[in-house]
Every structure is written in C-alpha cells, then in structure tokens.
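These notes are about the structure you will find just below.
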Amino acid sequence: MLDIKFLRQNLDQVRRKLAERGQTIDLEQFSALDARRRNLLQEVETLRNERNTVSKEIGDRKKRKADAADLIARMGEVSARIKNLDAILEETESALEAIVMTIPNVPHDSVVRGTSSEDNPIVRTWGDLPRLAFPPRPHWELGESLGILDFTRGSKIAGARFTLYRGAGALLERAIINFMLDLHTGEHGYMEILPPFLANRESMTGTGQLPKFAEDLFKIEGLDYYLIPTAEVPVTNIHREEILNERDLPIRYVAYSPCFRAEAGSYGKDTRGLIRQHQFNKVEMVKFTTPETSYEELENLTANAEEVLRRLEIPFRTVSLCTADLGFSSAKTYDVEAWMPGQDAYREISSCSNFEDFQARRAAIRFRREATGKVEFVHTLNGSGLAAGRTTVAVLENYQRSDGSILIPKALRPYMGGREKIAPA
RNA sequence: GGAGAGAUGGCUGAGUGGCCGAAAGCGAUCGCCUGCUAAGCGAUUGUACGCCGAUAAAAGGUGUACCGCGGGUUCGAAUCCCGCUCUCUCCGCCA
C-alpha cells in the first residue's frame with residue numbers, strides 16, 4: 001500500500017501516475033475519509049485525555065476518603081461517548097483502509113508509458129534461435145510421445161490444468177529445480193529457504209494477493225489457509241512485522257515451492273501443455289534491501305534469472321513492462337521470456353520486480369538506519385529463477401531432435417546421473 | 001485427539017485495579033576514567049498514529065494507543081471475566 005501521508009500530500013501526482021496504469025481511483029473518497037478520520041481521532045483522544053486525568057483525581061479523592069460521586073458520574077458519560085466515537089472511528093478507518101489497500105503501486109519514473117503488452121520495450125536479447133531442419137513440435141506432443149508427460153491422467157487425478165510427470169520427465173524437472181537452487185545459492189549469494197506451502201490471510205495481505213485478488217487463490221475450506229500462488233508470499237513474510245539491522249541488508253533468499261493458481265478468467269488460454277497450470281513448480285528469489293540499492297538489486301536479480309537460461313543455452317529476451325502491464329504491487333518489472341520453438345514465440349519464464357516499500361508497508365518490514373537510529377521501510381524485490389515447468393517446456397522444445405528425442409543441456413547432465421538424452425522407450 | 005502450564009520492552013524477568021510505557025538485571029550506544037584490554041562511573045536506550053512546529057521535511061514539544069489477539073466489567077485494566085491464537089510439557093496417534 002501507499003503511504004497515507006504521501007497520498008494526502010500528493011493526490012494529483014498519484015492520480016496522474018495511476019492513470020498511466022489505466023486505473024482510476026476514487027481519491028476524493030479517500031480525502032473525505034482521511035479528513036474524517038483525523039477529526040474523529042482528535043475528538044476521541046481529547047476525551048480520553050480527560051478521562052485519564054479525571055480518573056486519577058478520582059483515585060486521589062478516594063484515597064483521601066473524599067466523595068467522588070460527581071466525577072464518577074461524569075466520567076461514566078465520557079466513557080460512553082468514547083465508546084460511541086470509537087465505533088464510528090473504526091468504521092471510518094476500515095473504509096479508508098479498504099480504499100488504500102486496493103490502490104496499486106506507483107510506477108517508477110523509468111517505466112515506459114503504454115497501453116498494453118505491445119508497448120513493453122525489449123531491453124535485451126540473447127542467443128541464436130535454433131535452426132531446425134524439421135518442423136519443431138510443441139512440448140505436449142514431445143512429452144506424450146516420449147511417455148514423460150501424461151496430461152490425461154493428470155486430469156483424471158485432479159482435473160484440467162494438472163499434469164503428471166513420469167520417469168525422465170519427473171527427473172528432468174527435478175534436475176532443473178536442483179540446478180537452479182545450486183546456482184543461486186552457490187554463485188549468486190542467496191540463502192535457501194524451504195517454506196510452508198500454505199499461508200494465512202495476514203501473509204497474503206502483506207504481499208498484496210489479498211484483499212483484491214482472492215479469486216486467483218485456492219483457499220482451504222473452513223480454515224484461514226490459502227495455497228501459495230508463489231514462494232514470494234511465505235518468503236517475503238519471513239520478516240513481516242520485524243525491524244531488521246541495516247548491516248544485514250541486502251538479504252537474499254531463494255526458495256523452491258509448488259505454486260497454486262486458480263487461473264480464474266483464463267479459460268481457453270494456453271489450454272494445452274504445461275504453460276498454464278493450477279499447480280506448477282518454481283524457484284523464487286526474494287530480496288530485502290535499503291531504498292538506495294533496490295534498483296541496482298533489481299538489475300542483478302534479473303541477471304541472476306537470465307543466467308539460468310544462459311547456462312542452459314536457451315535463447316531469451318528481456319522486456320521491461322510498461323505502465324499498463326505492471327502488476328498491482330510492482331513499481332518496475334522485467335519479464336524474461338524464453339524462446340519456445342514449438343510455439344514459435346517467446347514466453348514469459350521469469351518476472352523480476354521491485355516493489356519498493358509497497359509490500360514492506362503492508363507487511364511492516366522495516367530496518368533501523370545506523371547513522372540516525374531511525375526506522376524506515378525496506379524495499380522488497382522478487383523474481384522467478386525460474387518457473388520450473390516452463391523451463392522444462394523450453395528444454396523440450398529447444399533441444400528436440402528429428403527423431404523425437406531430447407538432448408539434455410550440458411548444465412543439467414550432472415543432475416541426471418550423466419544422462420545425455422531422453423529417447424522414446 | 002485428551003490433560004496441564006504459559007505469552008510483559010532487543011533478551012532475562014518483576015508487577016494481581018489508580019503512583020505502570022512498565023522495577024531490576026543483561027545487552028547496546030554515547031561520554032568519563034584507564035598505557036592497552038578488562039573492570040568501574042555517568043547518561044541514553046520501543047513502536048504507531050494525531051496535533052503544534054515560520055513553508056516541504058527534520059529537530060523539538062504535546063496527546064493517544066500498544067504488556068500475544070479480540071471482546072467485556074469498571075470512573076479507571078498489564079492486573080478481573082469471556083473467546084481466540086500461538087508456545088511448552090505429558091498421554092494417545094502418526095511420517
């Protein structure tokens with residue numbers, strides 16, 4: 001969420017910035033509620049002050065055995081008024097919060113203004129597209145004919161958008177996950193985390209999934225637990241309501257987790273194959289930084305994600321999301337898109353974002369500045385490093401051969417017992 | 001699942017209705033002292049929100065709230081009552 005004081009003082013600027021995202025927000029309503037809240041607060045605090053002072057006087061009188069009945073009667077009324085005002089104040093505050101919690105982050109100045117993903121500038125392209133002497137097949141065909149991906153049985157067990165991996169397919173995805181974790185912990189300086197795969201309402205609110213995007217989540221019936229849509233949720237919430245030491249920053253975590261997404265509203269989109277699933281595996285990088293370094297950290301976070309594809313020798317390009325394409329909590333996002341020959345397209349395989357203090361404010365993640373002793377909000381960042389399911393897709397499609405077999409990328413062979421290819425049984 | 005105990009500041013730990021935002025100790029920071037280190041002495045040591053502050057911010061001042069969370073009793077609650085959450089111990093079950 002945005003800072004209420006900042007909002008109050010920069011209404012026009014915020015309105016303009018949000019318009020660039022294609023959002024219109026009822027900032028008049030915000031102003032009215034904010035003013036009302038402050039008036040009520042003052043009134044109620046004055047009454048509390050009176051009650052505190054007079055209650056002391058009552059105590060003194062009683063000690064002296066003097067009569068205090070008049071004061072007690074008066075304070076009875078004051079307390080009743082406080083109770084009344086408190087209820088109104090609470091209503092006002094939750095109405096105000098309801099607005100503020102649904103206002104998206106303000107895009108960073110370097111983010112290009114646009115109206116759709118068509119306007120996302122390409123910032124980097126890497127690798128030569130493979131020139132195949134045969135028409136490339138999509139991964140679902142390859143996976144089924146090799147007997148390593150079973151979409152039919154995945155549907156039988158759970159439903160649409162669930163897939164069963166078998167044999168070398170299961171091994172390949174596990175190898176990809178292990179390779180990525182080893183790379184980020186061993187060479188990029190991240191600490192590995194294995195988090196809970198369910199999270200509660202507070203955690204979901206802290207990172208911004210709630211209250212606005214409840215329909216995208218799977219919820220455990222009757223309990224306040226949600227299946228995580230990304231490891232970003234549990235890992236960012238590690239430090240919820242904490243004050244960190246400046247010298248411990250930046251903190252860099254990397255976590256494997258399955259991710260669960262309801263994919264409401266995406267009917268008919270990417271219905272075949274592994275691209276869009278209700279459950280998929282992902283390795284996620286999360287950072288907590290000081291405000292001064294967060295954009296530098298975003299650049300190398302993105303580079304860390306790209307490095308996976310470089311090592312796997314899979315062509316990719318990186319785009320910077322324009323204002324219209326930016327996620328709710330993000331101030332700036334790079335998407336890394338891997339080349340997928342079976343689809344003749346680049347497809348998103350990582351999304352790296354700087355949330356600045358947007359999540360930190362919601363989740364109360366702060367740090368104490370050594371120079372001044374003051375507490376400030378940290379900046380949080382995260383990025384996929386990478387989506388494992390889509391990485392499996394990229395490997396299958398880029399490394400396919402005319403006989404339908406798959407060459408294993410060199411970087412993955414140590415993770416697959418030295419195996420060099422996946423061939424039809 | 002059954003039985004019991006507990007939750008207070010960075011930590012340990014007092015506090016059972018007003019003098020408690022909270023003793024004491026530890027730790028930390030600053031200063032003094034000291035050949036260095038240790039010891040000693042002194043001071044400081046939470047967060048949030050509102051208001052005041054010469055304009056924005058800060059310094060500073062002031063008020064309110066916070067003793068796991070939510071409600072209740074009372075003129076007044078860390079303290080009494082109810083509900084919840086979490087932690088610990090024992091039993092059962094289980095990977």
- Item | 5' priority, RNA chain B, between A:S55 and A:V375 [closest heavy atom] | A:S55
- Task: Could you give the distance separating B:G63 and B:U55 at their C1' atoms, to the nearest angstrom?
- Result: 25 Å
- Task: With salt bridge (charged side-chain N to carboxylate O under 4.0 Å, His left out) as the test, would you mind laying out the steps for A:D70 and A:R61 before giving the verdict?
- Result: CA-CA 11 Å; A:D70 57 329; A:R61 281 202 199 177; 3.3 Å; yes
- Query: Are side-chain heavy atoms of A:E337 and A:I349 found at a separation under 4.5 Å?
  - Reply: no
- Task: May I ask you to decide if A:S203's main-chain N or O and A:N200's side chain share a donor-acceptor pair within less than 3.5 Å?
- Result: yes
- Query: Roughly, in whole Å, what's the span from NZ in A:K62 to C1' in B:G18?
  - Reply: 10 Å
- Query: Can the ring centroids of A:F328 and A:F358 be said to lie less than 6.0 angstrom from one another?
  - Reply: yes
- Query: In terms of the nearest nucleotide of RNA chain B, which residue is placed more toward the 5' end: A:D60 or A:L71?
  - Reply: A:D60
- What integer distance in Å separates A:E97:CD from B:A48:P? 17 Å
- Task: Can you tell me, in whole Å, how much space there is between the P of B:C19 and that of B:A78?
- Result: 9 Å
- Item | Heavy-atom side-chain contact between A:T271 and A:R161 under 4.5 Å | yes
- Message: In whole Å, I'd like the distance from the CD1 atom of A:I82 to the P atom of B:C75.
- Response: 13 Å
- Interatomic distance, CZ@A:R261 vs CZ@A:F280, rounded to 0.5 Å, equals 3.5 Å
- Item | Min side-chain heavy-atom separation A:V111-A:R21 under 4.5 Å | no
- Message: Can you check the distance between B:G18 and B:U79, where both ends of the measurement are the C1' atom (answer in whole Å)?
- Response: 11 Å
- Item | Salt bridge flag under 4.0 Å for residues A:R311 and A:E307 | yes
- Pick the P atom in B:C81 and in B:A5, then give their distance to the nearest Å. 14 Å
- Item | Aromatic plane relationship, A:H184 with A:H188 - under 30° parallel, 30 to 60° tilted, over 60° perpendicular | tilted
- Indicate yes or no: does A:D34 engage A:R38 in a salt bridge with an N to O separation below 4.0 Å. yes
- Expressed in whole Å, how much space separates the C1' atoms belonging to B:A43 and B:A48? 27 Å
- Message: Within the 4.0 Å limit for protein heavy atoms, which parts of nucleotides 57-72 of chain B are touched? Write it as a string from 5' to 3', B for base, S for sugar-phosphate only, - for none.
- Response: S-S---BBS------S
- For the pair A:H239 (side chain) and A:L244 (backbone), establish whether a donor and an acceptor sit closer than 3.5 Å, ignoring hydrogens and angles. no
- Query: If you measure from the Lys or Arg side-chain nitrogens to the Asp or Glu carboxylate oxygens, is any gap between A:E263 and A:R276 under 4.0 Å?
  - Reply: yes
- Query: What stem regions, each of at least 3 consecutive Watson-Crick or G-U pairs below 3.5 Å, can be found for RNA chain B?
  - Reply: B:1-7 with B:85-91, B:10-12 with B:24-26, B:27-32 with B:40-45, B:46-52 with B:60-66, B:68-72 with B:80-84
- For B:A28 versus B:C84, give the span between their P atoms, rounded off to a whole number of Å. 43 Å
For nucleotides 51-53 of chain B, which of its nitrogen or oxygen atoms have a protein nitrogen or oxygen under 3.5 Å away, and what is each distance?
from  : atom 1 : to    : atom 2 : distance (Å)
B:C51 : OP1    : A:R38 : NH1    : 3.0

- Query: In whole angstroms, how far is the P atom of B:A77 from the NZ atom of A:K56?
  - Reply: 12 Å
- Given the P atoms of B:A23 and B:A14, what is the spacing between them in whole Å? 15 Å
- Task: Calculate the interatomic distance between A:K63 atom NZ and B:G17 atom P; express it in whole Å.
- Result: 13 Å
- Message: Please check this pair: side chain of A:T205 against backbone of A:R201, looking for a donor-acceptor N/O pair closer than 3.5 Å.
- Response: yes
- Message: Would you measure the distance from the P atom in B:U47 across to the matching atom in B:C11 and give it in whole Å?
- Response: 14 Å
- Over how many whole Å does the gap from A:E93 atom CD to B:A48 atom C1' extend? 12 Å
- Message: What's A:R368 touching, base or sugar-phosphate or nothing? Going by heavy atoms closer than 4.0 Å.
- Response: sugar-phosphate
- Let me know the distance between CG of A:D67 and C1' of B:C75, rounded to the nearest Å. 13 Å
- Task: Give A:R74 one of three labels, base, sugar-phosphate or nothing, depending on what nucleic acid heavy atoms sit under 4.0 Å from its own.
- Result: nothing
- Query: How close or far is atom P of B:G27 from atom CG of A:N245, stated in whole angstroms?
  - Reply: 18 Å
